[in-house]
2 protein chains.
Amino acid sequence: MTAMPGFPQMWAELAEIGRHAGTGGYRRPGWSTAERECSAWFAQQAAVRGLSVERDGNGNVVAWWGDPGPGGVVTGSHLDSVQDGGAFDGPLGVVSALAAIDAMHAAGVRPVRPLGVAVFAEEEGSRFGVPCLGSRLMTGALDPDRAMDLRDTAGRALPDVMVDNGQEPRLGPSDLLRDPAAFVELHVEQGRALVDCDSAVGVASVIWPHGRWRLDFSGRADHAGTTRMDDRADPMLAFAMTVLAANKAARLSSGARATLGRVEIAPGATNVIPARVSAWLDVRAADAGAVQELVDAVLRQASARSARDGTELAVALESMTAPVTFDVGLRNRLSVLLGGAPALATGAGHDAGVLSAAGVPSAMLFVRNPTGVSHAPDEHALPADCMAGVDALAAVLTDLAGGGGQS
Amino acid sequence: MTAMPGFPQMWAELAEIGRHAGTGGYRRPGWSTAERECSAWFAQQAAVRGLSVERDGNGNVVAWWGDPGPGGVVTGSHLDSVQDGGAFDGPLGVVSALAAIDAMHAAGVRPVRPLGVAVFAEEEGSRFGVPCLGSRLMTGALDPDRAMDLRDTAGRALPDVMVDNGQEPRLGPSDLLRDPAAFVELHVEQGRALVDCDSAVGVASVIWPHGRWRLDFSGRADHAGTTRMDDRADPMLAFAMTVLAANKAARLSSGARATLGRVEIAPGATNVIPARVSAWLDVRAADAGAVQELVDAVLRQASARSARDGTELAVALESMTAPVTFDVGLRNRLSVLLGGAPALATGAGHDAGVLSAAGVPSAMLFVRNPTGVSHAPDEHALPADCMAGVDALAAVLTDLAGGGGQS
């Protein structure tokens, strides 16, 4: 196996796909044209390396070096993006995995265990609203009946969207990864901690618990020019108060994060008082108790203000992800192997967290992000740090999959 | 002319067009399928009455009873709606005009002056953002070059949309109304004043000045789960503060109204801190000074908060409509003719206001709205009050157009 496309070439090829000229961000929601092109690119990269590609009925893909079988070692990440996301979140793990295989090959490594590179479907949840959709279905963490009912903003159901993409939907648990001995996901760092550790690569310790709530503030549509202020039932007011309350509560709760980043207004006209404001509250904190305490406090204030304005508030929990503590033995093994790479907690969910929760010994490597910016066009890692990530991943996979002594 | 479709039949026919089953509101933006059907319905009603229909290159229509010519009397309103608007705003004036002509005909009136029923294009501005688009272009209040550049939310230009509707765009001043001696628009009351006057019909005195500002709050998109609260530049916060400040300022300023009913978030995802929040501020008050004072106060607070959050605020005035004082002689003539109908100020813009500003002696009749709700599905007037409106309009047109003694 010689003259494989190297990291820079692979990176340049992927960089072309799904980038919006206006924002500079990536638009690769699950099963979109852009995501399909990324997926086709991955299949082609697997083919030129002689890796055998397998798919499950949830849209997940794995490319195997060696015969697939139980007890393997799997790495990988995802190729979808949030709307106007960065280039690194997801693709860095996939490209690094292929480059690590090339490096292992060049070093004469012949893995004893099957080695897989996985690409999980709809990790960001940007199309159907459920993050880690592919890995959750694969591990049984998400009820396939619930997934059957998911619809995108155009009102299309997940199975129909999959059929349109030439995939036969068979939603639910799958044995795609063949009961692996370990899963290791490399990912760009989100937030900035490594820059203060003077380290290009870190190891994940825990993923914070994470909840998403849908808040529907409803009032009464009316004419913006003729309705006296006292006669209004304007749901925008309680929404606005909630934004400020959530921000304040997160600042008061050590390290917690609260965000309202998605809002829908109906009817949404300049000269009409809204009938309804729907907003999504995203909260994360170091433990589940802190998340709940923060949300309870915010919702108490939101309800009180809604009542005062003659409007109503309905709240629905959309998802609650329990905290993940990655396998301590595996984490320590990686940290030692990488010369004492620092351990980092993260507020972001990942497929590795879903696999860990499903009982797969899992670990994550983070590649330094000097500004910490993520889910945005400015997301960045330096080329030298990306190369350090590839080297680290190759070392980890060699250690876990065996065969490093055969060269 | 016998057996014309009466008010109830005409009302029932129009009620079918463009009503959204889910919301119960009307969706008739300018040059939409629904608005085109309403327009075709009007042409048919004109035809069965033997009225001659003329159009200008701005999408406005007029149906003449008698030969068109200068010094006529024109009535009418519009058939477009805001998103999920009510049945009455606009159509009540058009249907009442046709019914008034039938009543005059039945009473043997033969007008001395040409009598026109006008339907103006895109009065609500719900498609291209400029209210009274048709009448503003017709009177020269809106620069046709600016109108050429208007785009709807799908990015389509006004002339292209007109061509798609089989209209030849010739934007700019037109002599469609032939220099009329008077224009009278009947309209459903917006807000509630007549209910306290025990009067089914009122006469407009003034239209309040009205401004629309676009507020662009910009910050930095980032990951909702990993970005510390202190590291954020979240433009949602200053937007939220502005909503509350505008509400408070309007309550403190006697009778003023301030509304933020339209908001756009980018990228607009639950797990992404917004990069940009664009919001539209709608302000009306009894005089231009009060409008400006309110807006200045709100924008001062908005700018200060934006700076505090490390975000930025850009403000653009989208439209400023000067106050309109309707022709006092004409208003008094109508009020006396209608047995002392009360005079009402309004915060809503109308084509009659545009014509008045262009020098056409203009007046408005308001038909009682018991709840005051408008621009919403619950907008309502009682059938008996609608009939009183038709009688009042017939009396006014007979008085103004002459010929009432010929029966």
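Below, chain A is the first sequence line, B the second, and so on; all start at residue 1.
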If we define contacts as heavy-atom pairs under 4.5 Å, which of B:A258, B:G349, B:A266 has the most with chain A? B:A258
Contacts table for residues 242-256 of chain A: side-chain donor-acceptor under 3.5 angstrom, sequence neighbours left out:
| unit_1 | atom_1 | unit_2 | atom_2 | d |
| --- | --- | --- | --- | --- |
| A:T242 | OG1 | A:A238 | O | 2.6 |
| A:R251 | NH1 | B:D230 | OD1 | 2.9 |
| A:R251 | NH2 | B:M229 | O | 3.2 |

With chain A, which of B:D282, B:D84, B:D222 has the greatest number of heavy-atom pairs at distances under 4.5 Å? B:D222
Counting heavy-atom pairs under 4.5 Å to chain A, which of B:A285, B:P267, B:S126, B:A240 comes out on top? B:A240
For residues 19-30 of chain B against chain A, heavy atoms under 4.5 Å, the residues are none
Ranking A:T227, A:D89, A:D234 by heavy-atom pairs under 4.5 Å to chain B gives rank one to A:T227
Which region of A:R305, side chain (C-beta onward) or backbone (N, CA, C, O), has a non-hydrogen atom less than 4.5 Å from a non-hydrogen atom of chain B, or is it both or neither? side chain
Looking at B:R262, B:E189, B:H223, B:R220, which makes the most heavy-atom pairs under 4.5 Å with chain A? B:H223
Return the option, out of B:V82, B:T346, B:V373, B:D378, with the maximum number of heavy-atom pairs under 4.5 Å with chain A. B:V373
Can you tell which of A:A221, A:G372, A:S374, A:G86 has the highest number of heavy-atom pairs within less than 4.5 Å of chain B? A:S374
If you tally heavy-atom pairs under 4.5 Å against chain B, which of A:A275, A:P274, A:A269 wins? A:A269
Which heavy atom of B:T226 sits nearest to which heavy atom of A:A348, and what is that distance? CG2-CB, 3.6 Å
Per-residue contact mode, B:I265 against chain A (heavy atom under 4.5 angstrom): side chain
The test is side chain to side chain contact (heavy atoms under 4.5 Å, CB included); show your working for B:E124 and A:V272 and say whether it passes. CA-CA 11 Å; B:E124 299 290 3; A:V272 184; over 6 Å; no
When you look at B:T259 and A:R232, which way does the side chain to side chain contact (heavy atoms under 4.5 Å, CB included) test go after all the steps? CA-CA 10 Å; B:T259 309; A:R232 299 179 175 212; 2.7 Å; yes
Applying side chain to side chain contact (heavy atoms under 4.5 Å, CB included) to A:R228 and not counting sequence neighbours gives A:D231, B:R192, B:R257
With chain B, which of A:G347, A:G261, A:G191 has the greatest number of heavy-atom pairs at distances under 4.5 Å? A:G261
I'd like to check B:M236 versus A:V263 (side-chain heavy atoms, cut-off strictly below 4.5 Å). Are they in contact? yes
Just so I understand: if I count every heavy-atom pair under 4.5 Å between each of B:H210, B:Q83, B:Q190, B:E379 and chain A, which residue has the most? B:Q190
Can you list everything that forms a side chain to side chain contact (heavy atoms under 4.5 Å, CB included) with B:V130? Sequence neighbours excluded, please. B:L133, B:R136, B:L142, B:R146, B:L150
